[in-house]
Amino acid sequence: MSKSEPRIGVYVCHCGLNIGAVVDVAAVAQYAQTLPGVVVSRESTYTCSDNGQRSIQEDIENHNLSRVVVASCSPRMHGDTFMKTCETAGLNPYLFEMVNIREQCSWVHTDKEQATEKAKDLVRMAVAKVRLLEPLEKQKSAVNKAALVIGGGVAGIFSALYLANAGIKTYVVEKKPSIGGHMAQLDKTFPTLDCSLCILSPRMADIGKHENIELITYADIENISGYAGNFQVTVKSNPRYVIKENCRLCGVCAEKCPISLPDEFNMGLKKRKAVYIPFPQAVPNYYLIDAGHCLHITKGGCMLCQKNCPNDAIDFEETEAVRELNVGAIIVATGFELYDATQKKEYGYGRYPNVITNMDFERWVSADGPTHGKVVRPSDGAPPQRIGFIQCVGSRDEKEGAVYCSRICCMATVKQATMLREKYPSAEIYVYYTDMRTPGKGFEEFYQRGREHGIVFIRGKPGEIEEDDNHNLLIVSEDTDSGLILRNTLDLVVLACGLRPPEALEELAQKLHLSRSPDGFIMEAHPKLRPAETSISGVFLTGCVQFPKDIPDTVAQSGGAAAMAAALLTKDEIELEPVRAAVDEELCIGCGLCEENCDYGAIEVKKTEEGMKAQVIEVACQGCGVCAASCPQKAVTVRHFTDGQLLAQVTAALEPEVIV
Amino acid sequence: MTFSPRIVGFMCNWCSYAGADLAGISRIKYAPNLRIIRVLCSGRVDPYVVLTAFQKGADGVLVAGCHPGDCHYISGNYQAEKKMKATWKILSKAGIDQERLGLEWISAAEGQRFADVVNSFTQLITELGPLQADPQKIASAKEETADFRIRWLVGREKDLLEEGNVFGEPVEEAVFETLLDDVVSAQYIRNSILTVLKEQSMSAKELAETLEIPSHVVVEHLIHLRRGQKVHMVEGHPIRYEVSAW
Amino acid sequence: MYEPKIIGFLCNWCSYAAADLAGTSRIQYPSNMRAIRVMCSSRVDPEHVLRAFVNGADGVLIAGCHPGDCHYISGNYKTERKYVLLREMLEQFGIDPRRLRLEWCSSAEGGKFAQVVTEMTEELKTLGPIELGAGD
Amino acid sequence: MVGSIMVVGGGIAGMQASLDLADSGFRVYLVDKAPTIGGVMAQLDKTFPTLDCSMCIMAPKLVATGRHHNIHLLTNAVITNVEGTPGNFTVTVTMKPRYVNAEKCTGCGLCAQYCPVEAVNEYDERLTLRRGIYVDYPQAVPLVYAIDREKCIGCGLCENICQAEAIEYHQTPEEEQVNVGAIILAAGFDEFEPDTKKEYGYGRFKNVVTATEFERILSASGPFAGHVVRPSDGEVPGRIAFLQCVGSRDENSNKYCSAVCCMYATKEAIIAKEHNPDLEATIFFMDMRTYGKGFEQFYKRAQSEYGLRYTRSRVPCIEADPETQNLLLTYETEDGTITKEEFDMVVLSVGLEPPKSNQELSSIFGVPLNEYGFLDWKIFEPLKAKDGIYACGAFSGPKDIPDTVAQASGAAAMASGVVSGERGTLVEEKVYPEELDVAEQPPRIGVFVCWCGINIGGIVNVPEVMEYASTLPNVVFVDQNLYTCSQDTQEKIKQAVEEHSLNRVVVASCTPRTHEPLFQSTIREAGLNPYLFEMTNIRDQCSWVHMHTPEEATEKAKDLVRMAVAKSNLLEPLKSSSVEVTQSGLVIGGGIAGMTAALGLAQQGFTVHLVEKEDHLGGLLRDIRYTVSGEDPQEYLTGLEQSLRDHPNVTIHTQAVVEKVEGYVGNFTTTLSSGEEINHGICVIAVGGQEHKPTSYLYGEDKRVITQLEFEDMLSKGVKAKTVVMINCVESRDDTKEYCSRVCCSEAVKNALQLREQNPDATIYILYRDMRTYAFREQYYDKAREAGVVFMRYDPETKPRLEKKDKSLVLYAHDSALDLDFELHPDLVVLSTGVSPYDNSALSQMLKVPLDRDGFFLEAHMKLRPVDFATDGVFMAGLAHSPKFIDETISQAFGTVARACTIVSKERIETEPIIAEVDEELCCGCQVCIPMCPYNARELDEEEKIVKVNEVLCKGCGSCVAACPSKAAQQRHFRDSQLSSMIEAFVRR
């Protein structure tokens, strides 16, 4: 770069009326013209449009611009766009600076004069900084051609299969002993009433045997470090105390096991033993010992399973295994948690035996459920004749902390009601709803069919449920369509519980440095255009971890996430952001504070010929700048955010007369 | 004319700056006094830059980062917190109201909160009125933020308090605070002395009167400064001190 | 800027130690002097001084222990006598006697040592480069 | 029996004892509780009465102690247990962790430069700050940093920036069992802490400082760079008051006299005055106790030359003006007037106290302490704590440096006496490979440039300097090292010497004063003569002092390297020659000093000749009838004489005087008046002194006027006199004898007490000028006053007059304290006349050792070589040196034994390699050089008419060389050609 006076082009955007309606764009552009080094200053209607970009490129060529400032929207929105514009015109993209006069000015201020003044200030600050910018070159880093899918539900299964089928080595990490997720627990799927496990289990089996897939179940993600193309993931698998190769699934161990426990897969409606298999179609398909309840492990002795196992498959010596995975991309597919209906005290779930959740219903109605598919009143086993479904339990309910709609419950209820109708043609079925939401292929038809089959839909959410001595349930509600007060005594009530982000998501989000939206789900890179990406390059999203969605949407999103991951992983190398720390070895005394403060291990003090000096490990550095702000010798700086640049901005903000 | 404060904001790219964007996308209105400087992480905000802002005439400085635990860079915001806590100490030495330096956690999803924070901070600074601090004091305080010892201690604070010291012993927060307070106080006096002496040479007694510090304290710090080759003594009655040219 | 060249003869026990102490105390002084260590200041032969000047040294510093402190009992007294004579000789040669200095620096006087070198450098700067034969 | 000795305490006493022992063939373990040795003397600015720079005279001893291969330093260590018996003790030493690896620490100081923690600097008496990792002072030995665990918060900075990787946080206390034959306790003293004396406001008033604090203020390396300023506001004080006896001679603190305060106060006042001639210094005192050699003259000069004001008064309290911080002293002068006077600053002359650790030492070693907490010793065994355990210095009571040093040597002699049979069994000599003969080879120079971590490399462009060095003539190898002094670099240097056939080595790093021996040893290991090494200092004298001009510093470093290379081109291998030593001694004088020295030497296993001019041994001690503490001197004398006569190593020559002495250290030949010729390696002068015979006060005219010795003799037979008047300072401290005779005040008190015992009704007057019952002798002064002895002070202007009126004696006296005239009618007048030297001029000439102006022998150095002469191999003890007490004489006598042993214990003594030589062709015999030599190392060869250098005596200062008009004299290693090459390498036309 020549040391000559920079030649700066400033482009002030109207953004249609978005900016122009509040900020006097022409005045800002005129003002910019007066700033030192500014040789071109233009306004444009949409700087991001082809025309707008072309104008910049032409100026770079014709006016020999060495710096470009665009005052428009957020750099988080269009920063890349304009950097590419500059690059195409042969200007190093890091000689560009963006001023946000839309999101942080025109859209948030009403006083036109003040907003215009602010816009001028912001432009001046950017010009001050841009003068000090230096061209940066992107470095390249080799890509680890493997992917990690976190979560083994339908989202994870399909993502993994897409990737594996594209020839990419894929690790699937599931925290439960088997993959399958919530979908495996469902009896049928709407609106086709396909048998859920029938369509899922072949895919589960595919995962288990795919040559490109390595499945790690009953495992937790301990730590994640690195960056796109080069993540290091530490995975800890819990011991199952059963040797996979030896287990023949004979079940003798479970027979002999003295400990009986509620079976999670069946929502506690059935029992399992402390040595068990989660469900018959589980993948991987072999027994495991529930260490938290095993008599031998918790208290010692027992070992009936081991003594009786004909194949010596029980191994109490097994310990947790920690392994390090090197992957280039990560797909987060950790799904959802069902709303805990006991929170909704007024519906008495947990107290009234005949109040069940929609997921409980799935197990009651399932052929391998507690009653082999027969839906009964839990209190007395009698076939229910009057059944109610209550919608929006834990959804659209600010009191319960979820303003959002869980999207799938309406259809799930229609499905369940339809199934009930099939089993009990004479039963009275009531659905208490807020709004029926059926925006999907075949959904409305399915709903209408339900109505035709005599399912009564009542708009009005009951305030509470009361129980009589016979465990019959009393529901009073207002039909807001007719205004009538309805009193119903019901045999069984199904609560349509909403979907919640899993509790463990917070920790995982922190490990991955992912933002979460206020609803607690992971925030996508852009709500419209980048729904399967995150703010972290190389980390993708699919399924309900992003937001509640049904199975086809999930599978589609998995395809998207997989495609993007594959796009990254099929490259041999990726470009790294050059905004990184740099050390002035003259000043550095090797005190090591930067090394200690760096969470990425990206700066290390090393013995050099000139003594101990800090050195940046460029590929690991994320550019956060903590080291620069901490360095007691002020020997560390961050490119593109140097002290000089920040101070120039500060000065420009406060001393209009001084800019250089 | 009513006082309209000048506020410089340092927003981290991932949370607070995005929060500010969200406020814009949501068209939430807020006071126009803030000038945002985007940084990648709140941990990048060097106290030296903050003091420069005050020196250049900012009435308030607002630093915002991701919520604890949410830092895009793992723990940069914790570092920011330690740095700003130390900066508060330093500001109070220079007679600057600590409240003029705000530190807030604003997530990318908190557009409304961003606006609320900006409004209430602007309100607060408006109430505090224009910053009227002695330039010499600010200069001395700014030197503090460049001081090796202070920067080192602040940088080590988090690890020391959380993980204990090199001897494997826990470090009590109170002990650390006392040390940091001592260092900040001592260094402030030394910087003040140097700031004054840069203008003209003085005797210890004159320095004490100028700085309104007990003369024996001035003497103690002069000893230290002379040992550190920052000042030297000029023979005569009284003995005066000069800033060393080297 | 004219930078005078100074040769310093420092006795091992006091002045050289003083120069070391100036270093350990990080006392800064101009870099114009080059030290030649001798065991005792009395080892400095007038000829060495003259040779230095003839070869183009702008100044010569001889530094020894304080009177009474000499490691060799009385060497510094002898140095002092030589110094008086040397100054006279220098004058005869037309060399400003201010170009030669004798100083006592104890091993505790790092500051004094630095001051002496500083002063001498300053003084030589005002005297300008040595011009031999000017006095002839 | 074990040939090693432990010395506890690393102050000047401990260092001296260690050096004497190590030099005479014993392994020494020197234990100090501090991280560095040096003790209090390292804190002093100057020493009295010569005003020598304390650090200057002490530093060589520090370095010698630290470097001595037979002295093992155990610093930061305490003794936790002792077992065993004399000859074989097992001592458990616990080394406190310093958290710094002593082997790895290069003392570069980077850690302290950056350490974030500040703590008060005890070395500077809390007037300055140091860091959490520190050394006490730059010259510290060992120069190894230590972490102050009380202050350190464990931030880890030092570990990170220590380029030598010397920081070890995991260190724990380490116990070591040390096997030694004898032990010397030299634990020194603590200062009285004046906080308890609330009336002086110490701590409250910033301008009230202790004398040690003032010492630091005066010091060039102290808080104010030697400027006298006061702590409250940095102003230059115009009026300073010194308050004597703070924590001494005080019912409420310490009853004893601290022995050194009068002198140090005078010294400090003089130095302050030298800094600021306008200063008004006032010393408030009770008695001026300037009793030592040269002290009285110093006191007089303080008044006459420096105008110090001495006011006889004990100041009861100090008030401070809150506004000015000036101090208001209200005091009563002798005439009873109450005076108020304002001062800018007050210095408290704090006394010496036993260290708090003494109680513990006492119980661990089982040695008795006296009522004050110092060692309880006996007058004839002043150095003995118990069998096998000896003591010296302030551990056995307050004393000044020369007394301490003499005692230290003495204790060394006693301790080594226990295990003299084991001499040489545990010492280690380093074995080097045979030296390569490179004298004829053209120079092949290797240059090693040091980074010293970043100490040099951070400023000076080391690669550039190294590159530059490679262009210099005959430089065939260059290298740069992170730490040239580290162990691995030594290997690299050796390898380079071998691989590149280097025959000269230049190291550009730090100071040769500390590091030259290391590198010399390294090249010796590679087969090179150690004098083929040259060092240049680009750290202390370059990078550290030109930090802000790195380019100029680099240029200077290049110049310095060029100069060193120029000299190294001309270096020659040097060898020390050696001469055989006659391993026996001659002691001149058969008094207590000579007898003790002779017996000591004999017990060390050397033959001794004791020469006495009288027909009997005993000297002046024969006239001492009793001691104040009740021992019987004559019994002791008899025993001593018997031991001497029984000892096979001792030959006694009575009625003999020395007629002629020839030779030099190691090889003297002395001819006695009997004609007998004695060959000996060393000589001890113990010729003693005599009681001065006065001519005033009717002495010799009236039988009732006698001297103290005569009175003592009379007392031994019984004295009936009713009224006895003693007059002190008769023909002392005046024109007759300027010096104070030290012993007379105590002698008078002793005799007064003896008389009181014999004759309770007698009226006893002691007329004195200052009562100089220093140290523990103060208790007898107290006792005498309690016993009703009347003390009456007189001024020299109003001396008592003695007249004879009608056969009776009338004494007119003026009591200066009460300002009253008295008329006394004594039955007996006893004159304290002091000690006179014999006429020592003949002996002085024969042995070529000087006398002082009073006629006593003049030691090599007033402070640190009190029993040595500048001429090697000659020592002195007792009254020949100056007046002193029996215990002091015995200590000195033993001191000469230890000093002598450093010579006679060796079969050969090596000469210094760096010495002068004479080119016989050029020498014209003008003899200009002879008086130049302070060591008598040059003499005229009468036959050849040229001057020759006695290689044994020459110390290599080079004075003679610079003086030689015909350039015949040269100094090895500092030849004219070598020095000129350096000059020309820097400035060349």
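Chain identifiers are assigned alphabetically (A, B, ...) following the order of the sequence lines, protein sequences preceding nucleic acid strands; residue numbering begins at 1 within each chain. Because only heavy atoms are used, hydrogens play no part in the values below, and waters and symmetry mates are left out as well, while side chains stay in.
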Checklist entry - Between D:Asp976 and C:Arg43, is there a side-chain N and carboxylate O pair less than 4.0 Å apart? => result yes
Checklist outcome for this item: chain C shares the most heavy-atom pairs under 4.5 Å, among D:Ile57, D:Thr50, D:Thr511, with D:Thr511
Item to check | Sidechain N-carboxylate O distance under 4.0 Å for D:Lys556, D:Asp559 | outcome: no
Checklist outcome for this item: Turns out that what part of C:Val44 lies under 4.5 Å from chain D's heavy atoms comes down to backbone
Checklist entry - Considering only heavy atoms, which portion of C:Ile27 lies under 4.5 Å from any heavy atom of chain D: side chain, backbone, both, or neither? => result backbone
Next on the checklist: I'd like to know if the side chain of C:Ser74 reaches the main chain of C:Cys70, judged simply by a donor and an acceptor atom lying under 3.5 Å from each other, with no hydrogens or angles considered.
Outcome noted: no
Checklist entry - Quick one: what part of C:His66 sits under 4.5 Å from any heavy atom of chain D, side chain, backbone, both or neither? => result neither
Checklist entry - For the side chain of C:Gln28 and the backbone of D:Met547, is there at least one donor-acceptor N/O pair under 3.5 Å apart? => result yes
Checklist entry - What part of C:Pro46 lies closer than 4.5 angstrom to a heavy atom of chain D: side chain, backbone, both or neither? => result side chain
Checklist entry - Does any heavy atom of chain D fall under 4.5 Å from the side chain of C:Asp58, the backbone, both, or neither of them? => result neither
Checklist entry - Which word best sums up how the rings of C:His71 and C:Trp13 line up, parallel for under 30°, tilted for 30 to 60°, or perpendicular for over 60°? => result parallel
Checklist entry - Taking D:Gly226, D:Pro934, D:Ser221 one by one, which has the highest count of heavy-atom pairs under 4.5 Å against chain C? => result D:Pro934
Checklist outcome for this item: Honestly, the part of C:Leu10 sitting under 4.5 Å from a heavy atom of chain D is side chain
Item to check | Top contributor to chain D contacts, counting heavy-atom pairs under 4.5 Å, from C:Lys82, C:Glu3, C:Arg37, C:Met33 | outcome: C:Arg37
Checklist entry - If you measure from the Lys or Arg side-chain nitrogens to the Asp or Glu carboxylate oxygens, is any gap between D:Glu215 and D:Lys46 under 4.0 Å? => result no
Checklist entry - Top residue by heavy-atom pair count (under 4.5 Å) with chain C, among D:Ala225, D:Pro512, D:Gly107? => result D:Pro512
Checklist entry - For C:Tyr77, is it the side chain, the backbone, both or neither that has a heavy atom under 4.5 Å from a heavy atom of chain D? => result neither
Checklist entry - D:Tyr145 side chain to D:Val135 main-chain N or O, any donor-acceptor pair under 3.5 Å? => result no
Checklist outcome for this item: Given D:His973, D:Gln971, D:Met982, the one with more heavy-atom pairs under 4.5 angstrom with chain C than any other is D:Gln971
Item to check | Cationic N near anionic O, under 4.0 Å, C:Arg99 to C:Glu123 | outcome: no
Next on the checklist: Is any side-chain heavy atom of D:Pro49 closer than 4.5 Å to one of D:Met862?
Outcome noted: yes
Checklist entry - Which atom pair, heavy atoms only, marks the closest approach of C:Ala52 to D:Val987? => result O-CG2, 3.8 Å
Next on the checklist: Between the side chains of C:Glu119 and C:Lys112, is the shortest nitrogen-to-carboxylate-oxygen separation below 4.0 Å, so that they form an ion pair?
Outcome noted: no
Checklist entry - Side chain, backbone, both or neither: which part of D:Tyr935 has a heavy atom under 4.5 Å from chain C? => result side chain
Checklist outcome for this item: Residue from D:Lys955, D:Lys567, D:Glu984 scoring the most non-hydrogen pairs under 4.5 Å with chain C is D:Glu984
Checklist entry - Can you tell which of D:Asn455, D:Asn537, D:Leu560 has the highest number of heavy-atom pairs within less than 4.5 Å of chain C? => result D:Asn537
Checklist outcome for this item: In terms of heavy-atom pairs under 4.5 Å with chain D, the winner among C:Met39, C:Lys5, C:Arg26 is C:Arg26
Checklist entry - Is chain C contacted by the side chain of D:Cys964, its backbone, both, or neither, given a heavy-atom distance below 4.5 Å? => result neither
